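Since the structure comes first, as structure tokens, the remarks are kept for the end.
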2 protein chains.
Amino acid sequence: MLLRVGELARRTGLTVRTLHHYDDIGLLKPSTRSDAGYRLYRRQDVARLHRIQALRSLGMSLADIGTLLDQPSPPLSTVIERQMRLLEHQIVQKTQLRDRLANLHRQVVNGEEPAMDDWLKTLELMTMYDRYFSPEELDRLPLYQADNARWAEWKDLVKEAEALLQQGTSPASSEARDLAMRWMAKLERDTAGDPALLEKLNAMHANEPDAQEQLGISTRVSDFVMQAFAEYKLTFYRRYLSDAEFDLMRENYPQCMHEWPPLMARLRQLLEQGTRPEEPAAQQLAREWLALLQRFAGDDPATHQKIRQANEQEPALKDSTWMNDRMKDYLGQAVASLTAG
Amino acid sequence: MLLRVGELARRTGLTVRTLHHYDDIGLLKPSTRSDAGYRLYRRQDVARLHRIQALRSLGMSLADIGTLLDQPSPPLSTVIERQMRLLEHQIVQKTQLRDRLANLHRQVVNGEEPAMDDWLKTLELMTMYDRYFSPEELDRLPLYQADNARWAEWKDLVKEAEALLQQGTSPASSEARDLAMRWMAKLERDTAGDPALLEKLNAMHANEPDAQEQLGISTRVSDFVMQAFAEYKLTFYRRYLSDAEFDLMRENYPQCMHEWPPLMARLRQLLEQGTRPEEPAAQQLAREWLALLQRFAGDDPATHQKIRQANEQEPALKDSTWMNDRMKDYLGQAVASLTAG
DNA sequence: ATTTGACCCTCACGCGACGTGAGGCGCCAG
DNA sequence: CTGGCGCCTCACGTCGCGTGAGGGTCAAAT
């Protein structure tokens with residue numbers, strides 16, 4: 001019952017080279033050699049090889065197999081669980097990849113072979129998202145899973161904005177304000193109403209001029225929309241404020257627009273962590289929130305009161321983007337406990 | 001707008017080494033170098049890198065990306081489809097692997113950590129199956145997807161057979177015949193009634209003495225069961241035949257047992273291919289079938305008629321293993337057209 | 001003017017599981 | 001004794017980089 005390599009290879013479906021390799025790395029050494037130096041395998045070697053093949057079929061590395069087989073009492077279930085987790089992860093990865101490819105393929109087929117350029121632009125956007133968002137975040141980011149229709153909507157919005165810019169329309173005009181409202185509503189929907197996602201998205205666009213170009217969102221366009229959105233909200237504050245108050249706010253409010261998302265994100269995080277409004281972290285947030293308020297509304301408590309009133313009574317402000325009632329309540333409590341304490 | 005490697009690496013999330021590598025293999029060469037030899041990347045280089053990253057995110061190899069990007073009009077959908085097929089295949093593979101692992105894991109957990117040996121034996125069996133059956137066949141092979149209960153049933157059967165052998169029981173005894181009947185019924189179920197699978201299974205067991213030992217099915221045991229199954233069937237033929245006919249059959253029938261599966265497999269294949277019974281291939285099969293019949297029943301047509309009668313009237317023979325009515329009809333037609341022609 | 005420290009260069013080995021020769025011996029049949 | 005097959009060892013190639021080693025470059029701080 002002594003087998004030479006070729007014979008063993010034939011019977012196990014491996015190649016001779018593979019058996020040589022196993023010999024080299026010490027995974028399976030033939031128990032004898034012939035006078036001429038031929039490898040001679042005994043029954044026990046064959047048995048070990050069978051085990052090796054079995055464990056290999058689980059995707060285990062040769063090194064792992066070696067240590068496993070040389071241990072007297074291998075930690076079976078631990079090893080299996082590790083392998084399963086590894087596989088599970090790979091399956092998820094590849095499935096996501098395949099789905100994305102399927103999407104892109106549909107696009108290519110339906111769209112009558114768009115130019116390589118367009119197709120690659122979409123793809124480049126997705127890989128940028130990959131860099132800026134974790135896999136879990138990507139799962140929650142509707143923009144990432146967007147289909148062609150949704151991208152088309154964005155392109156239309158951008159085109160609309162470009163047209164307004166071309167005509168030299170003011171951000172304060174009703175057309176611009178209307179556009180900004182729709183823009184932000186869509187943006188809120190496409191970030192799943194999560195200010196943290198919005199913030200990352202902003203960071204991405206700030207860092208990657210190329211990303212904006214993929215969609216046609218130039219800096220000019222996004223500045224314009226931001227301005228117009230500020231104007232949109234200002235119209236609702238108008239009748240709650242005196243002329244002086246409004247002038248102050250009108251001057252400073254637009255510059256503060258980009259400061260909200262980080263604060264909202266932190267607010268939401270505190271809420272989700274279950275931090276109570278009296279705790280220091282919440283109070284710190286409240287302080288920063290008030291500081292921001294003061295930057296565009298001055299430090300008169302009466303003015304602040306008016307703004308709060310507007311926020312509560314104006315439907316457009318009440319359903320403010322990226323903020324829900326729970327967040328507002330929480331903020332209110334934090335502010336109250338701050339001023340009380 | 002000239003970027004050095006470090007800057008480009010930071011902005012793309014790659015490492016400097018990766019960019020060096022891309023340069024080495026000619027995938028992305030910086031369009032300029034500084035006097036000191038520093039790599040300097042232009043906008044167009046960055047654009048190309050974005051494309052590279054995009055295609056990489058699809059799991060494409062660097063070589064493929066290179067040829068793709070250097071072509072003037074890349075065959076987009078072909079490439080995508082190829083990638084998708086590749087991914088699909090990997091997903092299926094890994095999923096099967098994970099499922100198998102899950103099964104094995106259950107076994108380990110429920111079975112109170114069986115000895116590594118037992119566990120590995122099961123695993124070794126599965127890898128042997130992998131070698132002898134194609135993935136599609138494995139899908140159709142119930143034995144392969146067997147759970148512990150089913151394996152336990154087989155072990156019980158084997159134990160039963162071993163006990164009979166120990167006691168020196170004759171294969172012609174009623175206990176042996178009953179066991180053989182149950183054995184074959186289970187075997188038919190576990191090969192999905194497909195004689196082709198049965199044949200491969202037989203081939204595997206013939207080539208791999210180790211495989212038999214995993215289940216405890218030694219050559220002695222399988223020979224015994226085969227004998228007993230012949231005896232089982234013979235009991236039903238008994239009362240249709242004269243003493244002389246039966247003696248002849250009794251002597252030769254057992255030796256012919258292992259010749260049926262290949263014929264049945266070919267029969268089934270012809271049927272599935274839609275080959276008509278008058279065609280040469282079917283007639284050739286009919287000839288071989290008759291030749292086999294003659295080997296254990298002689299060449300008297302009257303005897304053959306009696307056997308056919310038994311096959312039709314005896315329920316135990318009628319529901320003969322691995323043969324269904326369509327196969328029998330087809331065979332009958334082939335034989336008829338052979339004798340008529 | 002020099003030193004520091006961050007950045008850049010090339011060269012080259014390493015991984016994991018073998019594939020693929022090259023060059024040379026052993027063994028058996030004709 | 002010769003041809004053919006199987007065996008041996010040695011060693012490079014694969015793929016996508018990681019990880020140093022050993023040494024220049026450049027701007028700011030001393």
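Each chain gets a letter, A, B and so on, in the order the sequences are listed, and its residues count up from 1. Keep in mind that what you see is a predicted model, and the values were worked out from it rather than measured.
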Review point. Counting just side-chain N and O atoms, does B:Arg4 come under 4.0 Å of either OP1 or OP2 of D:dA27?
Key: no
Practice item. Using only side-chain N and O atoms of B:Thr15, determine if any of them is under 4.0 Å from OP1 or OP2 of D:dC17. Key: no
Check your understanding: Is it true that B:Glu7 and B:Arg10 have a side-chain N and a carboxylate O under 4.0 angstrom from each other?
Key -> yes
Review point. Going by an N to O cut-off under 4.0 Å, is there a salt bridge joining B:Arg48 and B:Asp70?
Key: yes
Using the salt bridge (charged side-chain N to carboxylate O under 4.0 Å, His left out) criterion, which residues pair with [X]? Sequence neighbours excluded.
X: A:Asp45; answer: none
X: A:Arg56; answer: none
X: B:Asp130; answer: B:Arg100
X: B:Lys94; answer: none

What residues in [range] put a non-hydrogen atom under 4.0 Å from any atom of DNA chain C?
range: residues 16-30 of chain B; answer: B:Arg17, B:His20
range: residues 31-42 of chain B; answer: B:Arg33, B:Gly37, B:Tyr38, B:Arg39
range: residues 81-88 of chain A; answer: none

Do [X] and [Y] have side chains that get closer than 4.5 Å, going by heavy atoms?
X: A:Gln83; Y: B:Arg98; answer: no
X: A:Leu87; Y: A:Leu58; answer: no
X: A:Tyr41; Y: A:Leu49; answer: no

Review point. Who pairs with A:Val16 by side-chain contact (heavy atoms from CB on, under 4.5 Å), at least two apart in sequence or on another chain?
Key: A:Val5, A:Ala9, A:His20
**Study point:** Non-neighbouring partners of B:Phe133 that pass side-chain contact (heavy atoms from CB on, under 4.5 Å), sequence neighbours left out
**Key:** B:Tyr129, B:Glu137, B:Leu138, B:Leu141, B:Leu197, B:Lys200, B:Leu201, B:Met204
Point to revise | Residue list, side chain to side chain donor-acceptor pair (under 3.5 Å) with B:Thr95, at least two apart or on another chain | key: none
Point to revise | Axis deviation across the helix from C:dA1-D:dT30 to C:dG30-D:dC1, five-pair ends, to the nearest 10° | key: 30°
Review point. A:Arg10 near the nucleic acid: base, sugar-phosphate alone, or nothing, with a heavy-atom cut-off under 4.0 Å?
Key: nothing
Check your understanding: Is a donor on one side and an acceptor on the other found under 3.5 Å between the side chain of B:Thr18 and the backbone of B:Leu14?
Key -> no
Practice item. Return the minimal non-hydrogen interatomic distance between B:Pro30 and B:Leu40, and the atom names on each side. Key: CB-O, 3.4 Å
Study note, to complete from the structure: Of all heavy-atom pairs linking A:Ala265 and A:Glu199, the shortest is CB-OE1, 3.5 Å
Exercise for review: Identify the 5'-most and 3'-most nucleotides of DNA chain C with at least one atom closer than 4.0 Å to a non-hydrogen atom of chain B.
Suggested key: C:dC7 to C:dA12
